[in-house]
Amino acid sequence: MKNTKLFGTNGVRGVINETMTVDLVLNLGKAIGTVLGPGKMVVGRDARKGGEMFSRALISGLLSTGCSIIDIGPVPTPTLQYVVPRMKCIAGIVVTASHNPAEFNGIKVMAKNGVEVSRDKEGEIEAILDSGKFTVSDWENILSVTHDKTAISQHIEGIKSHVDREIIAQKQLTVVVDSGNSVGSLVTPRLMRDFGYKVVSLNSQMDGSFPGRSPEPSPENVVELCRTVKSISADIGIAHDGDADRATFVDETGNVVSGEQSLAIIAARVLSRSKGSTLVTPVSSGKLTEDVVNKVGGNIDWTAVGSVVVSHRLGEIGGELGGEENGGVFYPPHQSVRDGAMTAALLIEIMAAEDKKLSELVAELPVYYNTKRKMSIPVEKMTSMMDELLKLSKGMKRITIDGIKLLKDGGWILIRPSGTEPLYRCYSEGPTQQESDKWCDEGITLIEDALTQS
Ligand code: MG
């Protein structure tokens with residue numbers, strides 16, 4: 001039986017009413033209910049167009065299999081994840097396309113602990129969707145939908161219980177929150193006000209056409225936030241992606257702090273609390289992360305790229321922290337998934353505890369230089385290329401969890417096939433730009449050699 005590959009690295013995504021249709025979502029609801037149900041499930045959505053349309057289709061599908069539903073309406077993904085176990089649900093589903101452009105929507109499925117289901121479970125859902133062998137409930141066992149408006153408060157209280165409120169209250173910070181016209185506006189501004197801080201909100205009106213900025217909080221998309229922080233002399237700017245599981249920070253001078261820098265600042269403090277603590281992070285993280293972890297005597301557990309892999313690994317080994325270079329921070333005492341508001345609370349707690357400006361915390365970090373290149377590869381050679389690359393790099397110091405990461409003195413080269421296009425990407429990092437460029441060239445040469453031999 002042919003199995004449709006519907007789930008990508010982070011759930012199902014598609015263009016609204018083109019590849020992501022009501023019919024598909026209705027059947028996905030039936031398939032999810034068949035595989036994970038019957039039982040109580042919680043459903044939420046972000047502020048995207050089609051959110052209501054898709055969540056109703058999804059809920060109808062789930063109900064037809066005999067599940068009961070708690071509909072919590074618009075929420076950040078981490079809010080839904082937080083309440084799945086607390087509302088004693090067997091699963092949670094959020095209608096979101098995270099940071100994708102406005103025309104996209106999607107579905108993320110969580111298990112009963114609030115963490116995204118495993119790849120195996122996704123495969124089972126796809127197989128049921130293909131076969132059409134859905135569970136159909138008897139008419140007398142069809143259950144109902146209840147509405148619950150407590151999820152946001154529960155989530156905010158949860159975050160507050162994991163930081164030192166007294167230390168935070170000693171400071172009087174001015175915080176600018178750019179929610180990007182999505183669900184981040186429901187949690188982070190309220191959390192910061194609860195801390196006693198002055199909050200200025202940007203793009204806080206939820207609007208699925210995203211009039212303020214693109215849902216991806218990349219440096220080029222947060223220019224308005226940078227300008228605002230500087231012009232009103234705020235202490236920090238916080239920008240979320242479309243479902244607020246990530247946060248990008250801006251320091252008081254209006255400079256964007258990279259995701260790896262904010263992770264490094266948080267990792268250094270969290271891992272120094274107890275000896276031999278572990279950070280779980282994908283192989284795409286760099287020297288900066290490694291340096292700060294080594295400095296405090298912590299360990300790094302490398303994983304393949306993808307937030308779901310990090311969450312699952314944290315659960316397996318009981319790591320103290322998880323993090324990605326894109327600004328995703330996983331704080332297991334709270335929950336083992338990315339949480340943009342929790343990340344912001346951790347960073348602000350550090351600023352308050354050490355009485356430092358964000359730019360000062362950034363200035364303490366070592367600086368490395370990056371290079372990124374890519375090379376087109378014939379589609380039919382995408383897989384065999386990796387075998388050749390593995391052969392060619394045998395004997396070199398390397399990590400082969402996801403692509404090949406060649407370890408250099410003071411840097412590294414990472415070669416990975418693209419998951420969506422026929423090309424290989426080469427990233428490098430070094431103590432100087434020249435060194436990094438040189439290593440990236442080395443990586444590209446290796447790709448060229450592998451191509452001739454494959
Ligand atoms: Mg996201």
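The chain is numbered in sequence order, starting from 1. Read the numbers this way: they start at 1 and go in the same order the structure lists the ligands and their atoms.
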key: Charged tip of Arg86 within 45° of Tyr82 ring normal and under 6.0 Å   = yes

key: Side-chain touch Asn181/Met206, heavy atoms, less than 4.5 angstrom   = no

query = Any idea which N/O/S atom from Asp243 gets closest to the Mg ion (ligand 1)?
reply = OD1

ask   = Can you tell me the N, O or S atom of Asp241 that's nearest the Mg ion (ligand 1)?
value = OD2

message = Angle at the Mg ion (ligand 1), OD1 of Asp245 to OG of Ser98, rounded to 10 degrees, please.
response = 170°

query = Okay, side chain of Gln81, backbone of Met110: is any donor-acceptor separation there less than 3.5 Å?
reply = no

ask   = Under 4.0 Å between a Lys/Arg side-chain N and an Asp/Glu carboxylate O for Arg269 and Glu364?
value = yes

ask   = Of all the atoms in Thr96, is at least one N, O or S atom closer to the Mg ion (ligand 1) than 2.8 Å?
value = no

